[in-house]
Amino acid sequence: MPELPEVETVRRGLEPHMDGAKLERVELRRADLRFPFGENFITSLEGQTITSVGRRAKYLQLDIDNNLVLIMHLGMSGSFRVEASSVAAQPGNFTLPKGVHEKHDHVIFHLREASGQPCRVIYNDPRRFGYMALIARSNLEDHKWFKDMGIEPIGNALDGAYLATKFQNKKAPLKSALLDQKMIAGLGNIYVCEALWRAGLAPTRQAKTLAQKSGKPTAMADRLSVHIRDVINEAIEAGGSSLKDHRQTDGSLGYFQHRFAVYDREGEDCLKSDCKGEISRMVQSGRSTFYCGACQK
DNA sequence: CCATGACCCTGTAAGC
DNA sequence: TGCTTACAGGGTCATG
């Protein structure tokens, strides 16, 4: 499910329950996801308190009060659900009703929320492309997953000048360049397609054609940067996209998929006013690209 | 440097 | 109804 807007939606769903919560028990229902859990995964977490629930690109980052960071990546099919009591916790030994294991529930965090309420956070991942790892806070920036990571697509760092500079000598197709996490981290297949359509730029165009010889940003690079930021922000506001029934942590559905202009719309009419084209599908670097051949140049 | 394909794993939908 | 195939939001690795 996970591009940046979906991961951010998950983060916002987890934060009220996990920020300040104590990890009373960590239950692993198998030895690995995509990678094995570290040997000390459980013992490093149990009894500790979560001090913040953050995100970098498509990675969730939970700060633990023993100077470790719990990194969680959702892969293609990972999701969380929260089981919390709706009634105020009673003093003493209040506990949640026994939970029901669903297929592909792999990790269960048994929490005591900052408020004192008991809570379970359950990670489910049919394809197991997701992963979790503990990294020392002091080594985080140097870790292989983060050291070459590009800028966030939302925020001030992304503008036409950044794109023009980064793409200066890039012969790769624009679509591939935008998927490169070393350029912009967190952009995935869907939102790249959507941003290119909004900007009226062909996914096949060489990335370097957005950069001027002088190195100054072109109108195209400016336009693209604006549309990337807009589409990501709009998707976050909409609670992400609910493909394949992916749900938010409270079980509700995001609805941004209803606003896809090109993704999964092969053969349908282009939605740009005055454009008579229809949406095509092609494969670039092994992934589907959806685009309008008539208005994306 | 770049492009392509295989791979990790399971579920779903389409086609026969 | 069953079987087979293609495909899916990510990311890494080997190969040419």
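Just so it is clear: chains get the letters A, B, ... in the order the sequence lines come, proteins before strands, and each one is counted from 1.
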Got a second to check how far [X]'s [atom1] is from [Y]'s [atom2], nearest 0.5 Å?
{"X": "A:L33", "Y": "A:R127", "atom1": "CG", "atom2": "CZ", "answer": "14.0 Å"}
{"X": "A:F109", "Y": "A:R120", "atom1": "CZ", "atom2": "CZ", "answer": "14.0 Å"}
{"X": "A:I71", "Y": "A:L140", "atom1": "CD1", "atom2": "CG", "answer": "5.0 Å"}
{"X": "A:S285", "Y": "A:K175", "atom1": "OG", "atom2": "NZ", "answer": "6.0 Å"}

ring centroid sep under 5.5 Å plus plane angle under 30, A:F129 with B:dC8: yes

Between A:W145 and A:Y131, ring centroids under 6.0 Å: yes

Integer angstrom distance from the [atom1] of [N] to that of [M]:
{"N": "C:dT1", "M": "B:dT10", "atom1": "C1'", "answer": "22 Å"}
{"N": "B:dG11", "M": "C:dG11", "atom1": "P", "answer": "22 Å"}
{"N": "C:dC3", "M": "B:dC8", "atom1": "P", "answer": "25 Å"}
{"N": "B:dG5", "M": "C:dA6", "atom1": "C1'", "answer": "16 Å"}

Note, [X] side chain near [Y] side chain (heavy atom, < 4.5 Å):
{"X": "A:V107", "Y": "A:F37", "value": "yes"}
{"X": "A:L174", "Y": "A:L196", "value": "yes"}
{"X": "A:R29", "Y": "A:E27", "value": "yes"}
{"X": "A:I64", "Y": "A:T51", "value": "no"}

Please give, in whole Å, the distance from [N] [atom2] to [X] [atom1]?
{"X": "A:N124", "N": "B:dC9", "atom1": "CG", "atom2": "C1'", "value": "14 Å"}
{"X": "A:L74", "N": "B:dC9", "atom1": "CG", "atom2": "C1'", "value": "16 Å"}
{"X": "A:R30", "N": "B:dC8", "atom1": "CZ", "atom2": "C1'", "value": "12 Å"}
{"X": "A:D125", "N": "C:dA8", "atom1": "CG", "atom2": "P", "value": "18 Å"}
{"X": "A:Q257", "N": "C:dA8", "atom1": "CD", "atom2": "P", "value": "17 Å"}
{"X": "A:H106", "N": "B:dT10", "atom1": "NE2", "atom2": "P", "value": "8 Å"}
{"X": "A:I190", "N": "C:dA8", "atom1": "CD1", "atom2": "C1'", "value": "10 Å"}
{"X": "A:F260", "N": "C:dA8", "atom1": "CZ", "atom2": "P", "value": "13 Å"}

Check: A:A261 main-chain N/O paired with A:R265 side-chain donor or acceptor under 3.5 Å: yes

Applying a 4.0 Å non-hydrogen cut-off, can you work out what [X] is touching in the nucleic acid: base, sugar-phosphate, or nothing?
{"X": "A:G188", "value": "sugar-phosphate"}
{"X": "A:Y263", "value": "sugar-phosphate"}
{"X": "A:S176", "value": "nothing"}

Detail all sub-3.5 Å separations between protein N/O atoms and N/O atoms belonging to nucleotides 11-13 of chain C.
| unit_1 | atom_1 | unit_2 | atom_2 | d |
| --- | --- | --- | --- | --- |
| C:dG11 | OP1 | A:H73 | NE2 | 2.9 |
| C:dG11 | OP2 | A:K58 | NZ | 2.7 |
| C:dG11 | N7 | A:R287 | NH1 | 3.4 |
| C:dG11 | N2 | A:R34 | NH2 | 3.3 |

B:dC2 OP1/OP2 closer than 4.0 Å to side-chain N/O of A:K170: yes

Structure string for DNA chain C in dot-bracket form, Watson-Crick and G-U at under 3.5 Å, | interchain: .|||||||.|||||||

Closest listed nucleotide, where the reference is the side chain of A:H104 and the choices are C:dA8, B:dG11, C:dG10: B:dG11

Polar side-chain contact A:R128-B:dC9 base: donor and acceptor under 3.5 Å: no

